[in-house]
Amino acid sequence: DTAVSQTPKYLVTQMGNDKSIKCEQNLGHDTMYWYKQDSKKFLKIMFSYNNKELIINETVPNRFSPKSPDKAHLNLHINSLELGDSAVYFCASSHSLGEAFFGQGTRLTVV
Amino acid sequence: GDSVTQMEGPVTLSEEAFLTINCTYTATGYPSLFWYVQYPGEGLQLLLKATKADDKGSNKGFEATYRKETTSFHLEKGSVQVSDSAVYFCALIDTGGGNKLTFGTGTQLKVEL
C-alpha cells in the first residue's frame with residue numbers, strides 16, 4: 001500500500017500548456033505539502049494545507065494553484081507553463097508537527 | 001525565520017569510513033529535528049528524528065544528537081557502505097513557524113569500494 005502517491009511520475013509538456021499533478025495520502029494525516037526540488041536538489045516549500053485549509057503559501061507565482069478537495073488529496077494545477085517550472089515536484093503529508101512522508105515525485109519537463 | 005545550514009557536498013568516502021555531515025539550525029520556537037535521505041530517483045525518506053534537546057535519533061547505523069547549546073544536529077555513521085550513497089537532508093519543524101518543514105540544501109554522499 002502506497003502511503004503518499006502522486007501522479008504522473010513523469011510529465012513532459014510544451015511551454016504555455018496547463019497541467020495538473022495529483023496527490024493522495026492514505027495515512028490519515030491532517031497536513032499536506034507541495035515541495036519543488038530543483039536540479040541542485042534544493043527543496044523549497046510551495047504550499048501547505050491543514051485540514052483542507054491553506055496555511056502556507058510561499059512566494060510562488062499565481063500560475064500555481066493548489067486544490068484540496070478533502071484531507072486525503074492535494075492537487076497542484078499549473079497554468080501557462082514556463083521553462084523555469086521544470087523540476088521535480090514532491091507531495092508530502094504529516095500530522096501537524098510530525099515527520100513528513102513523501103511521494104515519489106513528479107519530474108516535470110517543460111520544452 | 002527558521003533556517004537549516006548543512007555542509008556542502010559532495011562527500012566521497014571509501015567503504016567502512018566514518019561519516020559526519022554537519023547541520024546547524026536557527027529557529028524561533030522549540031523545533032523538532034530530522035534527517036531525511038533521498039536515494040537516486042526516489043522521494044525522501046525519514047532516516048531519524050529528535051524532538052527535544054539531548055535526544056538522540058538513530059536508525060540503520062546512523063545517529064544524530066539534538067544539541068540545543070550549539071544548535072546542531074550532526075549526522076554520523078561509524079562505517080558507511082556503498083548502499084548509503086544518497087543525498088542527505090537536515091530539516092526542522094518549528095512550533096513557532098506553522099506547519100512548515102524547513103530543509104537544508106542537502107549533502108550528496110558517494111561511497112566507493
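Chain naming here is simple, since letters A, B, ... match the order of the sequence lines and numbering starts at 1 in each.
Of all the heavy atoms in A:Ala100 and A:Tyr33, the pair that sits closest is CB-CE1, 4.4 Å.
For A:Gln37, the part sitting under 4.5 Å from any heavy atom of chain B is the side chain, from C-beta outward, and nothing else.
Other residues, nucleotides and ligands place no more than 12 heavy atoms under 6.0 Å from the CD atom of A:Glu53.
No hydrogens or angles considered: a donor-acceptor pair under 3.5 Å links the side chains of B:Thr26 and B:Ser3.
Between the CD1 atom of A:Ile21 and the OG1 atom of A:Thr106 there is a distance of 4.5 Å, given to the nearest 0.5 Å. Rounding to the nearest 0.5 Å places CD1 of A:Ile55 at 5.5 Å from OG1 of A:Thr31.
Using a 4.5 Å heavy-atom cut-off against chain A, no residue of residues 5-21 of chain B qualifies as contacting. Applying a 4.5 Å heavy-atom cutoff, the residues of residues 36-53 of chain B that approach chain A are B:Tyr36, B:Gln38, B:Glu42, B:Gly43, B:Leu44, B:Leu46, B:Lys49. Residues of residues 102-113 of chain B that come closer than 4.5 Å to chain A, counting heavy atoms only, are B:Phe103, B:Thr105, ordered by residue number.
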Take A:Asp18 and A:His77 through the side chain to side chain contact (heavy atoms under 4.5 Å, CB included) test and state the conclusion after the steps. CA-CA 7 Å; A:Asp18 303 338; A:His77 188 76; 3.9 Å; yes
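Of the possible donor and acceptor atoms, none in the side chain of A:Asn75 sits under 3.5 Å from a partner among the backbone N and O of A:Pro66. Panel note: side chain B:Tyr66, backbone B:Pro31; a donor-acceptor pair is recorded below 3.5 Å. Here the side chain of A:Gln25 pairs a donor or acceptor atom with the backbone of A:Gly28 at under 3.5 angstrom.
In this structure, A:Tyr35 and A:Phe102 have tilted ring planes: the angle between them lies in the 30° to 60° band.
A 4.5 Å side-chain heavy-atom check between A:Leu76 and A:Phe47 finds at least one atom pair inside the cut-off. No side-chain heavy atom of B:Asn59 sits less than 4.5 Å from a side-chain heavy atom of B:Trp35.
Checked against ring pair (Phe, Tyr, Trp, His ring centres under 6.0 Å), A:Phe101 has the following partners two or more places apart in sequence or in another chain: A:His29.
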